[in-house]
Structures are given as C-alpha cells and as structure tokens.
Q: 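The structure follows.
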Amino acid sequence: MHTRHRLAYIFLILFQMCLLVSAQDDDEAASENDIAINQYHKNLTPNMPETSLNDVLKPLVRELRHNEVNIHLLEEATLVEPLQGLEAFSEHEPEGIQFSESVPPPSEQTCQYVFTVPQSPHCSGVDTEDRMSEMQIAFRNLQGQMTVQRKRIDFAEGIIRKFRSVVHQRREGHGSNPTQRPTRPEPTTGSASRGNEASKALEHLSEYLQVQLSNLDIQIDDSERIRWKLEEDNRNLTRLTSQQTMRIHNLTEANVLLHETVMSLQRDLDTARRENTAVAESNRLLTLQKTDLEESSGLLAQRLGKLSLANEKMGNEIISLKTDAVLLRHANQQIRQNATTRIRELRTLLSKSNPTGAKPKHCADVISGPKDEMEENFPNYTHCGRLISVGQPETVRESKRTILRKVGVWMRDPLAPPGSHRIWAIIIIGKKIRKLMQYYNMSNFQSYSPEARYDLPVPIESNGAVVYNGSLYYQRRNSRKIVRYVIGSNKAPKERALRRAGFHGMFAYSWGGYTDIDFAVDETGLWVIYSTRQNRGNILVSKINPVTLRIIKTIRTTIPKVKVANAFIICEVLYTVSSYSAENARINYSFDFNTKNRTKMDIPFANFYRFNTMIDYNPRDRHIYSWDSGRQVRYLTSVDDSKGEIRNDGRRLSTTTS
C-alpha cells in the first residue's frame, strides 16, 4: 500500500512539470490542464479549499509516511510471526504452540496471543480475546484505507489516460494542420526542443507508471490473499481457542471426578481402618478364648486320664466277671452232662426193673422231655479255625408253593439263651415285605405253624437278613440304610446309612435279587458284606456294633461281588460260592481278615434244587442255612482248630491264637 502512495506522489510532481511545459506551447491546453488539475485537487481533497500544489502534497506525504510505518508494523506483527506460529502449529501441535491462560513473566518477553510468540518487540499485556478484537478493528481500518486509496489511484489513472489522449491529439494537430492556430506565434527552437523532450519524458514516465501500476495490482492481489489468509488464520485461532476452552472444561470436570474418587477412596480407607481395628479386636478376643480353651483342654485331659484309669479298672473287673461267667457256664454244662448221664442210668435201671416199659407217673416228666429239645442239643465248640469241608445238603422243609416261596431267608439266633430253639423266616415276595414269622421249634417250622407274626416297621430289601442276640438286622428297601429291629418290641428301629454302599442292584450277587447288602455272623460277631464304586465293585466286609450299628473296622478284598453266587464268614475268614444254579458248585475263594490273603479253594458245594439264593453260617451249630428254590436246606460244616480257642463272655464270641 505504501508503494502506491509513493507512485502517486511522484506522479503528481511529474504531472505538474508536464503541465508547465505544455503551457508554454499552448495556452488553451494550459487552461484545460489547469481545470483538470483543479478538478483533481478537488477530488483528491474534496473537503479542502483550493490551495497551491505544495500545500496539498505536504499533508499527503505525511499521511503516506505514517501509513508506511503502520503498514510495516502490521505486516511485521500480524503477518510474519503469526504465520510462522501457524506453520509450527500445523507440524508440531504440542511443541510449537504453548497455550496459556495467564500472562507470562516480563523476563520471557512473550506476547499474550492465543499462542505464544517469543521475543517480539510489539508485545502487549492484553489477553487473547482483546488482542484479536484489536486485530480485527485494524484489519477493517486498513481495508477502508485501501478502498479510499484505490479510488484515488483510479481517479489518477483516469487523469493520466485523459492527459495522454490530449497529448496525442496535440501531436496529431501539430503535424497534420499547423494553420489551425493563426493567433499564436510560432514557438522558438528552444521551446520546441523543450516541448519534445518533455513529451518524450512524459511517454517514458507513462510507460513506467503503467508497469508500476501493474505491479501495484499484483501486490494488491497478494495483499488480498494475505488478508484472506489472515482471516482464515483468525478463524483457525478462534476454533483452537474453543477447543482449548473445551479441553480446559474437560480437565476441570476430570479434576472434579478425580477429587470425588480421592474422597471416596479416603472414605473406603477409613472404613478399612475401622474394620481392621474390629478384626484386631476380634483376634484379641479369639486369642483370649484360645487361652481359655487350652486351659479347659488341660483340665479335660486330666479328667480323661482319670477316666482312663477308671475304665481300666472297670475292664479288669469285667474280665474277672467274664471269667466267672465262663466258669459258671462250664459248671452248668458239667451239671447238665452229669444230669444227662444220670437220666441214662435211670432209664437203664427202669428198663431192667420194669420190662413191660411202664413208667411211674412221678418220673414221666423227668425222663421224657420235648422231643425237639432232646434232638437239638448243640455241641460245645471250644476252638476256631478254617473250613475243611461241607457236608451234603439236608432238606429241612419242603415248600408248599415253590413258585411263590422261591426266595426267602430262615435263621436261628447264635446267641439265644440255652434251651431256646426258635426259628425265624421271611418270604421275599412283593415290593413291601414286612412279615417276620417266628416258630417255637423245628417241629412247628416244618409244619408251617408259626408262634407269632411281626410286622416290620420299615420294609426289607432282600434276603440278606440275620437274627443276632434277639434283634433282626436287615437292609431297608431301596436304600443303603441298615436297620436293627428288636423282635417283639414296639420301639422305633435303629437305622444308619452304610456310607457309599451300593444298593438296589448296583453290586448284587450273581443271581440278582437286590442282594447288595448281606449280613453275616461268625464266632467273633456281626458283619455286613457289601461293595462300593470306590472299591471298584470288589467285596468290602465291615464289622458292625450290634447296638449302635457303627462300623468297627472294614476289610477290603480283591474278590468281585457280582461274580460270586453268595458268601459267608467262619472264624474271620470270608468264603465265596461259585454258582447258585450249578448242581456241583464249589467254594472257590477264601479271604483271611487277619493276613489279608486271598486263597483259591475247591470245596464241593451241592445245589440240589439248582436255585440257591441264601447261604448263611450259624456259629452256634456250625451249619450253613440255605434257601434253595423254595426249600429250606442246611449243610453241616467241618472246621479245624487252627485259629485257637473260642472265648465266650456270655453274649459275644471271640478267638485267641493258641
């Protein structure tokens, strides 16, 4: 813009010189030029009175110089450095621009724009928005000044074009018709040469001015592009300012959330501290309780020691009582044997003294007791050992209805009091089996004349039951529970689950019949034969407390339960039968509970009726009781004395190694 002012100034000086030269040649042209100059002066300074040319040019020159200084400062402050800042921002946004909200220290000498411009001589202390407003006002003022100057230049260009046309017409008039102005005298040679020189100079000046005006137009276009670029940069700066404001807002919200989080964590920390204090107090109380428990344990240990001593004394007394009972039993047996011998002697004497066979009335009851009692006197077994042989089966009772009575159980109590010959039987038919038949003696059993019938409190599962010491032991239907029922009692039965035992056909004998749990009795006590998944279906044998039904000990064998027809126990040795239907079956395996050895055996065992579903050993008469296709059969066994003497305390049998 300052270049255009300079050209206008030069043009006015040269234009005045040309008018002076042309005035010497033609007064009319001079008068027209004076009118044009006056008109130019009026247009150039429309509010000023007509004065001399120097008075008009002096303020114009001052204005041009002032505009040059302002334009230089504006270009330096608003064009070069902001553009450099924008270029740095476009390439390195985080490092090139340092956004700030506060005025930096004076020592750094930075300008407070939207971005920081270091080491600038025109820095001010206003904030970013005021600075941008001032820049916009300066741009508008500069645009207005440019518009005014452009109008002035357009007017000057019009004067130049008019002046050139007048000069051109003037030249053509002098060359073609010199007689048109007879009133003016001929110019002198000196004045003509000066006029020609002035014309040439004016032509050169016009050409130069044209070139300068073209360059000026280019600069004006460049200024317009720079202005547009500045406006675009201004919009970018405004957008960046908004983004920065949004970032500051987001950071403020994040700071608030962080503060709330810190407060929440502080509250949690306080809560944790209180809980830690409570836990410490609880630990202290537990420590005190532990100390009290240790003291109580010491007292209990002392009491247990005293009780142990008392139990030992009581045990010794019990042993003494058992010894006395054994002695009394032997004495009773001796008295009985003596009485039997005496009766035989009396019979002999009577037969000699009374050959007709008549008996005195007063001796009838003494000599002849009940027939079954005389026949069923059990031998007194004093030693225990291994099975040697099994006799041929003896059919005790034929079945009236073989099909309906094909499966069942019959038994005697090995701990029945002396003189008792009762027999119990259960027919396994139907789903809910509850009937227990009691027979007074063998004759009643053979004639199907029960002494009593009992309804079991819970149904029985299969024929693995036994009678032991006045109670019936059996498996509850569809359950792994074992039951103790005191025969003839109205008390609730004792029940206990046999842990993990298979039931309802999981590990039955080979003939089936849900015989998963089978009770057995030997010279040492009550046993139960069963199996579990954990033992892979092999036979488990557990000794049972007859009163509480708790397991005393358990023996694991290697004999698969489902592959044997049945099993029984003699003197703590398990024996298995190979088949329930083969007529010439075998006792094929034995398993000693003490040595844990399995032995393969080959003792004949006959199944006369070929469907033997029950095989139980009774230590009182050493017979095997069986239920073979509806017939009640028994086998006499032969046992050695390899396991030592049997000790009988009156209710429980045990063995000792000799």
Side-chain angles (χ1 to χ4, degrees), residues 381 383-390 414 464 466 468 473 475 482 498-502 506-511 515-545 551-580 582 585-605 607 612-619 622-626 635 637-644 646 653-658:
Y381 297 108
H383 287 76
C384 200
R386 300 184 66 86
L387 179 65
I388 299 174
S389 64
V390 176
V466 297
Y468 185 78
Y473 297 86
Q475 175 192 358
I482 56 177
L498 199 59
R499 188 169 178 263
R500 296 181 178 177
M506 294 175 62
F507 301 106
Y509 289 129
S510 61
W511 73 271
T515 52
D516 301 81
I517 297 175
D518 184 20
F519 282 91
V521 177
D522 74 341
E523 288 79 0
T524 63
L526 179 65
W527 302 83
V528 62
I529 303 170
Y530 63 103
S531 186
T532 64
R533 295 183 186 274
Q534 288 70 22
N535 204 39
R536 300 181 180 180
N538 294 329
I539 291 176
L540 289 174
V541 182
S542 295
K543 195 168 188 179
I544 302 296
N545 186 310
I551 294 177
I552 299 173
K553 64 178 179 179
T554 299
I555 293 91
R556 299 177 182 272
T557 73
T558 57
I559 303 172
K561 189 171 185 293
V562 297
K563 291 186 178 181
V564 299
N566 223 307
F568 57 91
I569 301 172
I570 300 176
C571 296
E572 294 188 337
V573 178
L574 177 72
Y575 297 93
T576 62
V577 181
S578 62
S579 174
Y580 66 93
R586 292 286 187 272
I587 295 177
N588 53 356
Y589 288 105
S590 68
F591 192 94
D592 195 316
F593 298 162
N594 296 316
T595 62
K596 307 296 188 300
N597 292 329
R598 186 178 80 169
T599 305
K600 191 171 183 179
M601 305 185 70
D602 189 18
I603 298 176
F605 188 89
N607 295 315
N612 203 341
T613 59
M614 170 223 163
I615 300 176
D616 283 343
Y617 171 77
N618 191 314
R622 286 194 172 173
H623 276 75
I624 292 176
Y625 290 70
S626 70
Y635 305 75
T637 62
S638 178
V639 179
D640 63 18
D641 57 356
S642 59
K643 285 186 169 288
I646 299 175
L653 300 174
S654 61
T655 61
T656 57
T657 304
S658 58

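Residue numbers count from 1 along this sequence.
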Q: What distance do Ser542 atom OG and Ile552 atom CD1 have between them, rounded to the nearest 0.5 Å?
A: 10.0 Å

Q: Could you walk me through whether Arg622 and Tyr617 pass the side chain to side chain contact (heavy atoms under 4.5 Å, CB included) test, one step at a time?
A: CA-CA 7 Å; Arg622 286 194 172 173; Tyr617 171 77; 3.1 Å; yes

Q: Surrounding CZ of Arg533 (heavy atoms of other residues, nucleotides or ligands, distance under 6.0 Å), is the total greater than 12?
A: no

Q: Take Phe605 and Asn612 through the side chain to side chain contact (heavy atoms under 4.5 Å, CB included) test and state the conclusion after the steps.
A: CA-CA 11 Å; Phe605 188 89; Asn612 203 341; 3.7 Å; yes

Q: Look up atom OH in Tyr580 and atom OG1 in Thr515, then write down how far apart they are to the nearest 0.5 Å.
A: 10.5 Å

Q: Between Phe591 and Ile555, does a side chain to side chain contact (heavy atoms under 4.5 Å, CB included) hold up when you go through it step by step?
A: CA-CA 10 Å; Phe591 192 94; Ile555 293 91; 3.6 Å; yes

Q: Under 3.5 Å, is there a donor-acceptor pair between the side chain of Glu523 and the main chain of Cys571?
A: yes

Q: Show the numbers, then the answer: is there a side chain to side chain contact (heavy atoms under 4.5 Å, CB included) between Thr558 and Tyr589?
A: CA-CA 10 Å; Thr558 57; Tyr589 288 105; over 6 Å; no

Q: Nearest 0.5 Å please: distance from the CD1 atom of Ile482 over to the CD1 atom of Ile544.
A: 4.5 Å

Q: For Asp616 and Tyr625, indicate whether the former's side chain and the latter's backbone hold a donor-acceptor pair under 3.5 Å.
A: no

Q: Could you check whether any side-chain heavy atom of Arg556 comes within less than 4.5 Å of a side-chain heavy atom of Asn538, counting everything from C-beta outward?
A: no

Q: Considering residues at least two apart in sequence or located in another chain, which fulfil the ring-ring contact (aromatic ring centres under 6.0 Å, His included) criterion with Phe593?
A: Trp527

Q: Output the distance between atom CZ (Phe507) and atom CD1 (Ile517), rounded to the nearest 0.5 Å.
A: 11.5 Å

Q: State, with a plain yes or no, whether a side-chain heavy atom of Val577 is found less than 4.5 Å away from one of Ile615.
A: yes

Q: Do Asp602 and Arg586 meet the salt-bridge criterion of a basic N to acidic O distance under 4.0 Å?
A: yes

Q: Rounded at 0.5 Å granularity, tell me how far CD1 in Ile569 sits from OG in Ser590.
A: 12.5 Å

Q: With side chains defined as the heavy atoms from C-beta onward, is the minimum distance between Asp592 and Arg386 less than 4.5 Å?
A: yes

Q: Just to verify, which of Asp518, Leu540, Asn535 counts as forming a side-chain contact (heavy atoms from CB on, under 4.5 Å) with Tyr530?
A: Leu540

Q: Give a yes or no answer on whether the side chain of Ser579 reaches the backbone of Ala585 with a donor-acceptor pair at less than 3.5 Å.
A: no

Q: Any donor-acceptor pair under 3.5 Å linking the side chain of Tyr575 with the backbone of Leu387?
A: yes

Q: Mark yes or no for whether Arg500, through its side chain, and Gln534, through its backbone, hold a donor-acceptor pair below 3.5 Å.
A: no

Q: Looking at Val562, Ile529, Asp516, which one forms a side-chain contact (heavy atoms from CB on, under 4.5 Å) with Tyr509?
A: Ile529

Q: Heavy atoms, side chains only, cut-off 4.5 Å: are Leu526 and Phe519 in contact?
A: yes

Q: Heavy-atom count around Lys600 NZ within 6.0 Å, excluding the residue itself: above 12?
A: no

Q: Working to the nearest 0.5 Å, report the span between CD1 of Ile570 and OG1 of Thr524.
A: 11.5 Å

Q: Are any side-chain N or O atoms of Asn607 and backbone N or O atoms of Ala582, one a donor and one an acceptor, separated by less than 3.5 Å?
A: yes

Q: Between Thr557 (side chain only) and Ile539 (backbone N and O only), is there a donor and an acceptor less than 3.5 Å apart?
A: yes

